[in-house]
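Everything numeric here is computed off the predicted structure, so don't read it as measured data. First listed ligand is number 1; within each ligand, the first listed atom is number 1.
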Amino acid sequence: MTNPESTAVLPAFLDALAAGRLEVIDLTTPLSSATPALRLPEPFANLIDFSLEEVSAYNEPGPFWRHNNIHTGEHVGTHLDAPVHWVTGRDGDDVSQIPVRRLIGPAAVLDLTDRVAADPDYLLTVADVETWEREHGPLAAGMWLLLRTGWESRGEAEAEFLNADDTGSHTPGVAVECARWLATEREITGLGVETVGVDAGLAGGFDPAFPVHHYFLGNDKYGITSLRNLGRLPAVGAMLVVSPLPVVGGTGSPSRVLAVIDRTAA
Ligand code: MN
C-alpha cells in the first residue's frame with residue numbers, strides 16, 4: 001500500500017503541528033480603518049484606507065446574518081507587492097498570476113534593530129547581508145529575506161509609524177546597491193519589512209527612486225510590508241506562507257502572512 005516514492009513528510013508535519021512541536025506565528029498587522037497606510041506627497045494620488053461597511057447585522061436587511069462590504073486600497077496594511085506594481089515590472093505577473101509555489105518558502109531574518117534604534121534612516125548594505133551569510137549561510141533560492149527593525153513597535157500610531165517631518169518620512173530600508181545586488185545576485189523570492197513600504201522613507205530621492213521596488217519588482221521578485229512578530233522567528237529555519245488574494249489585474253493585495261517555526265530547534 002505504501003508508495004515507495006512517498007517521502008511521508010506531510011503526516012510528520014501535521015503530527016508535529018498537532019503536538020505543538022511546530023508553532024504557527026501570525027506576522028500580519030490586523031486590518032482596520034486605523035491601520036497605518038502610506039501617504040504620498042502632492043502631486044501624487046493616494047489609495048483609500050481600509051474600511052468596513054455594514055450591510056446587515058441580524059436585522060431587517062438580513063435577519064439571520066451579518067455581512068459587510070470592505071473598501072480598501074491594494075497596498076494597505078500587511079500586503080504583497082506584485083511585479084506589475086512597478087514600471088520596471090509592468091510586463092510581469094499581476095497578483096493573481098503569481099505562481100503559488102513561490103508563496104511558501106524558507107524565511108531568513110536579518111536583525112537591524114540596534115542600528116535602526118540609533119538611526120531611523122538606516123539602510124541595509126551588501127556588507128550587512130554578507131556578514132549575515134557568513135554566520136547563517138547563503139541566501140538560498142526561494143528564500144524570503146525578512147528585515148527585522150523593531151519598527152512594529154510604532155504600528156499602533158500612524159504618525160510614529162510614518163515618522164515624517166519637513167524633510168520626509170524617516171523609516172529604514174535598503175541601500176540602492178544592496179537592492180540591486182539582492183535582486184540580481186541572489187535567487188530570493190522577495191523582501192519582507194516591518195515598515196509601511198519595502199523602500200526606505202526617503203527612497204523617493206534615491207537613484208533610482210524607490211530602488212527595492214525598482215529592482216525587485218523588475219526582477220520578478222516580491223515585497224511584503226507591515227510585518228509583525230519577526231522577533232519570534234529564528235534567523236533561519238522558519239517557513240513562510242504568504243496569501244495575497246488573487247485579484248485579477250491587481251498590483252498587490254492585503255495578505256495574511258504566517259510563519260511556521262520548529263519549537264524543538266536549538
Ligand atoms: Mn505596496
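- When each of Asp121, Asp119, Asn163 is tested with His170 by the rule side chain to side chain donor-acceptor pair (under 3.5 Å), just one qualifies, namely Asp121.
- Ring-plane geometry between His136 and Trp132 is classed as tilted, the angle between the planes lying from 30 to 60 degrees on a 0 to 90 degree scale.
- The distance from the OG atom of Ser226 to the CH2 atom of Trp151 is 12.5 Å, given to the nearest 0.5 Å.
- Heavy-atom minimum distance, Asn59 versus Ala57: OD1-N, 2.9 Å.
- Taken to the nearest 0.5 Å, the CG atom of Asp128 stands 6.0 Å off from the CG atom of Leu112.
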Salt bridge (Lys or Arg N to Asp or Glu O under 4.0 Å) evaluation trace for Glu156 with Arg228: CA-CA 12 Å; Glu156 295 305 315; Arg228 293 187 173 184; 3.2 Å; yes
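- Atoms of the protein (N, O or S only) found under 2.8 Å from the Mn ion (ligand 1) are His75 ND1, His79 NE2, Asp81 OD1.
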